[in-house]
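When a ligand or atom number is given, it counts from 1 through the structure's own listing order. As the structure is a computational prediction, the values presented were derived from the model and not from experiment. FYI, side chains are in, hydrogens and waters are out, and symmetry mates aren't considered; it's all heavy atoms of this structure.
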Amino acid sequence: MDMIDPFGRTISYLRVSVTDRCDFRCTYCMAEDMAFLPKKDLLSLEELDRLCSTFIEKGVRKLRLTGGEPLVRKNIMHLVRQLSRHLKSGALDELTLTTNGSQLARFAGELADAGVKRINVSIDTLDPEKFRTITRWGNLPKVLEGIEAAQQAGLQVKLNAVALKGFNEAEIPDLMRWAHGRGMDLTVIETMPMGEIDADRTDQYLPISVLRAQLERQFTLADIPYKTGGPARYVSVRETGGRLGLITPMTHNFCESCNRVRLTCTGTLYMCLGQDDAADLRGPLRASESNELVSRAIDEAIGRKPKGHDFIIDRRTSRPAVSRHMSVTGG
Ligand code: SAM
Ligand code: SF4
């Protein structure tokens, strides 16, 4: 019994933010003095497992753990190992995660053992000082060590970089050569107006169309039909032999093929990254030991999935399009 929304889209992909906390404070993502959720509001790992498993029963085939930083959630590997039973049974095609890489050196082996095959690592620059500036608290060598460990463990690593005007714009060619030289795809993402941060997003916003035009002065890019189930469109890069993903929430609306919903660590389900409407699943989850109530609440929520988002970044709109930070819904 598949979950199908009012626009005929089948929902087969669940992204779960397992914590809103993080050991970095990337300037486009968080304010430096972020207030985090009280620990008592969090779903336990068992509750997260129950919710994810209900979604899997209802047709989810791909599950991504994210955050905040998923690998700073206490005992996160317990959840990963629990969820991996759905890989073994064949109910789930893929269990994956998006991470800042800070803890990867420690967890890469265990992730691979649990059946994780691919992970996304976010990295915006290869310059240690710039890395410190953009993440405020991050340590580049530690992240590079994590990427190395992940590859050693047999995980397929994809890099994600947020394209930031005047910050890493000129460095994207090097980052791409570096990634492709090590067998990794690179995906570049436009900044989205989510949550109050300390900076002005108009100053950071770099349309991917502009970046692509810049890259085309040096590289031969060709559109290819490659898909990973996410919103990226891919091009092949003749000079490196690698693939570049382009995620363009601002300049190109990809909502028509949206197959996903997002669950937060407090059990709130967001049907769209760019809209405020949400459904509480923690209430129905805790109200009964059977999954009937929560299953019904999921159906009702999917029945309200909006057609799309309406992000804009310009100087007239000083407030973000959605008030919550990306670390709540997990990117
Ligand atoms: N901490 C993990 C990480 O950084 O990969 C997972 C969570 S993070 C919120 C997921 C992705 O969202 C990262 O690649 C990050 O760069 C991206 N991101 C955060 N805030 C963003 C924003 N305002 N616009 C676009 N991407 C954003
Ligand atoms: Fe943390 Fe990821 Fe947000 Fe950076 S992008 S502050 S690593 S959650």
Self-check item: Any donor-acceptor N or O pair under 3.5 Å, side chains T220, E239
Solution: yes

Self-check item: Student check: side-chain heavy atoms of D174 and L126 closer than 4.5 Å
Solution: no

Self-check item: Distance-only donor-acceptor check, side chains N259 and R9, under 3.5 Å
Solution: no

Practice problem: Below 4.0 angstrom from a heavy atom of V162, which ligand 1 atoms are there? Numbered from 1 as shown, please. | Solution: 16 (O), 26 (N)

Quiz item: Ignoring water, what protein N, O or S atoms are under 2.8 Å from atom 4 (Fe) of ligand 2?
Solution: C26 SG

Exercise. Considering the heavy atoms of M192, write down every atom of ligand 1 situated less than 4.0 Å from one of them.
Key: 22 (C), 23 (N), 24 (N), 25 (C)

Exercise. Record the part of R201 in heavy-atom contact with ligand 1 below 4.0 Å; permitted values are side chain, backbone, both and neither.
Key: side chain

Quiz prompt | Heavy-atom pair of closest approach, residues T99 and L71 | solution = OG1-CD1, 3.8 Å

Quiz item: Is it the side chain (CB and beyond), the backbone, both or neither of T98 that lies under 4.0 Å from ligand 1, heavy atoms counted?
Solution: both

Quiz item: Is it the case that more than 12 heavy atoms not belonging to R238 sit under 6.0 Å from its CZ atom?
Solution: no

Self-check item: Test item, G68 contacting ligand 1 (heavy atom, 4.0 angstrom)
Solution: yes

Quiz item: Which ligand 1 atoms does E190 reach within 4.0 Å, using its non-hydrogen atoms?
Solution: 24 (N), 25 (C)

Self-check item: Donor on one side chain, acceptor on other, R262 and T66, under 3.5 Å
Solution: no

Self-check item: Atoms of ligand 1, numbered as shown, that sit under 4.0 Å from any heavy atom of T191
Solution: 24 (N), 25 (C)

Practice problem: From the options C26, A161, S102, S122, select the one whose nearest heavy atom is closest to atom 13 (C) of ligand 1. | Solution: S122

Quiz item: Does the distance from a Lys or Arg side-chain N to an Asp or Glu carboxylate O, for K158 and D185, drop under 4.0 Å?
Solution: no

Quiz item: Cation over ring, K165 on Y205, under 6.0 Å and within 45°?
Solution: no

Quiz item: Do the side-chain N and O atoms of S12 and T10 include a donor-acceptor pair separated by under 3.5 angstrom?
Solution: no

Practice problem: Report yes or no: does M30 have a heavy atom closer than 4.0 Å to ligand 1? | Solution: no

Quiz item: Can you tell me if Q275 and R304 form a side-chain donor-acceptor pair at under 3.5 Å?
Solution: no

Quiz item: Under 4.0 Å from any heavy atom of C29, which atoms of ligand 1 are there?
Solution: 19 (C), 20 (N)

Exercise. Give the atoms of ligand 1, by number and element, whose distance to some non-hydrogen atom of T66 is under 4.0 Å.
Key: 6 (C), 7 (C)

Self-check item: Per-residue contact class, D124 against ligand 1 - non-hydrogen pairs under 4.0 Å
Solution: neither

Quiz item: Between D127 and T125, what is the shortest heavy-atom contact and its length?
Solution: N-OG1, 3.0 Å

Can you list, pair by pair, the side-chain donor-acceptor contacts under 3.5 Å of residues 137-154, counting residues two or more places apart and other chains?
{"residue": "E148", "atom": "OE2", "partner": "Q152", "partner atom": "NE2", "Å": "3.3"}
{"residue": "Q151", "atom": "NE2", "partner": "R182", "partner atom": "O", "Å": "2.9"}

Quiz item: Going by the order shown, which atoms of ligand 1 are within less than 4.0 Å of some heavy atom of T99?
Solution: 2 (C), 3 (C), 5 (O)

Practice problem: Compute both the distance and the angle, then confirm whether R201 meets the cation-pi test with Y28: under 6.0 Å from the six-membered ring centre, within 45 degrees of the axis. | Solution: no

Quiz item: Counting from 1, what ligand 1 atoms have a heavy atom of E69 closer than 4.0 Å?
Solution: 1 (N), 2 (C)

